[in-house]
Amino acid sequence: MSNPFDVLEARLSNIENLLLDIKHPAKSPEAVPDRITLIEACELTNQSKSQVYKLTMLNEIPFQKYGKRLVFSRKSLLAWMEKRTISAPEAGDVMTDRLAKSAKKHLKK
């Protein structure tokens with residue numbers, strides 16, 4: 001008959017390894033699901049729920065419906081965000097725009 005303390009120690013070691021795997025999962029591309037929920041889409045896009053609902057109503061954001069639920073593709077949302085991202089204007093462009101606005105104000109007077 002085996003020692004019960006050895007059995008307990010082996011089982012506790014196994015539980016400890018499982019908990020460590022849960023706490024620090026392997027970050028492989030397959031581990032991240034492509035389909036995400038509304039709340040995850042809000043976190044990913046940094047938008048509120050109401051804003052995401054509005055964007056889906058206007059068909060401005062990529063989404064699908066699963067029954068009555070909205071589901072999103074992480075890849076599609078990242079591509080959508082990249083497409084909507086604009087680069088920062090150069091300092092010369094900003095000054096040109098400000099001077100043009102100022103000139104228009106003075107011409108109206």
Side-chain angles (χ1 to χ4, degrees):
M1 193 164 157
S2 64
N3 186 349
F5 292 109
D6 290 338
V7 173
L8 282 175
E9 184 178 347
R11 293 181 88 182
L12 284 174
S13 177
N14 188 21
I15 291 171
E16 183 180 28
N17 289 335
L18 289 172
L19 288 173
L20 286 173
D21 287 344
I22 291 170
K23 187 175 180 182
H24 303 290
K27 304 238 178 179
S28 66
E30 296 111 24
V32 178
D34 186 47
R35 297 286 176 224
I36 59 175
T37 63
L38 173 68
I39 294 172
E40 292 170 322
C42 292
E43 291 172 0
L44 182 67
T45 60
N46 200 24
Q47 301 284 331
S48 66
K49 272 184 172 182
S50 60
Q51 183 65 24
V52 172
Y53 277 128
K54 183 179 179 181
L55 291 170
T56 57
M57 182 185 73
L58 298 172
N59 280 329
E60 292 185 10
I61 190 170
F63 73 98
Q64 294 177 333
K65 291 193 100 172
Y66 181 72
K68 291 184 177 182
R69 299 178 123 191
L70 290 174
V71 291
F72 301 87
S73 165
R74 183 182 307 275
K75 291 176 188 174
S76 296
L77 282 179
L78 291 173
W80 174 78
M81 288 171 37
E82 185 67 30
K83 189 171 84 174
R84 289 180 45 139
T85 303
I86 57 172
S87 60
E90 304 230 356
D93 295 339
V94 172
M95 288 305 296
T96 304
D97 291 341
R98 286 185 185 169
L99 286 172
K101 287 179 184 177
S102 177
K104 285 180 185 178
K105 283 182 186 178
H106 290 298
L107 288 175
K108 288 180 182 180
K109 291 182 180 181

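The structure presented is a predicted model; accordingly, all values stated were derived computationally and were not measured. Heads up: numbering here begins at 1 and tracks the sequence.
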Exercise. Kindly check if the number of other-residue, nucleotide or ligand heavy atoms within 6.0 Å of CG (Asn14) is above 12?
Key: yes
Quiz item: CE of Met57 to OG of Ser50: how many Å apart, nearest 0.5 Å?
Solution: 11.0 Å
Practice problem: Please round to the nearest 0.5 Å and tell me the distance separating atom NZ of Lys75 and atom CZ of Arg35. | Solution: 9.5 Å
Quiz item: By side chain to side chain donor-acceptor pair (under 3.5 Å), which residues pair with Thr56, not counting sequence neighbours?
Solution: none
Exercise. Look at atom CG of Leu12 and say whether more than 12 heavy atoms of other residues, nucleotides or ligands are closer to it than 6.0 Å.
Key: yes
Quiz item: Transitive ILVMFWY cluster of Leu44 at side-chain heavy atoms under 4.5 Å: who else is in it?
Solution: Ile36, Leu38, Val52, Tyr53, Leu55, Ile61, Phe63, Leu70, Phe72, Leu77, Leu78, Trp80, Met81
Quiz item: Does Gln51 CD have over 12 foreign heavy atoms under 6.0 Å away?
Solution: yes
Quiz item: So which heavy atom on Ser76 is nearest to which on Pro62, and how close?
Solution: O-CG, 3.7 Å
Practice problem: Would you give the length of the straight line joining atom CD of Glu60 to atom CZ of Arg84, rounded to the nearest 0.5 angstrom? | Solution: 7.0 Å
Quiz item: Is there a side-chain contact between Thr37 and Glu40, using heavy atoms and a 4.5 Å cut-off?
Solution: yes
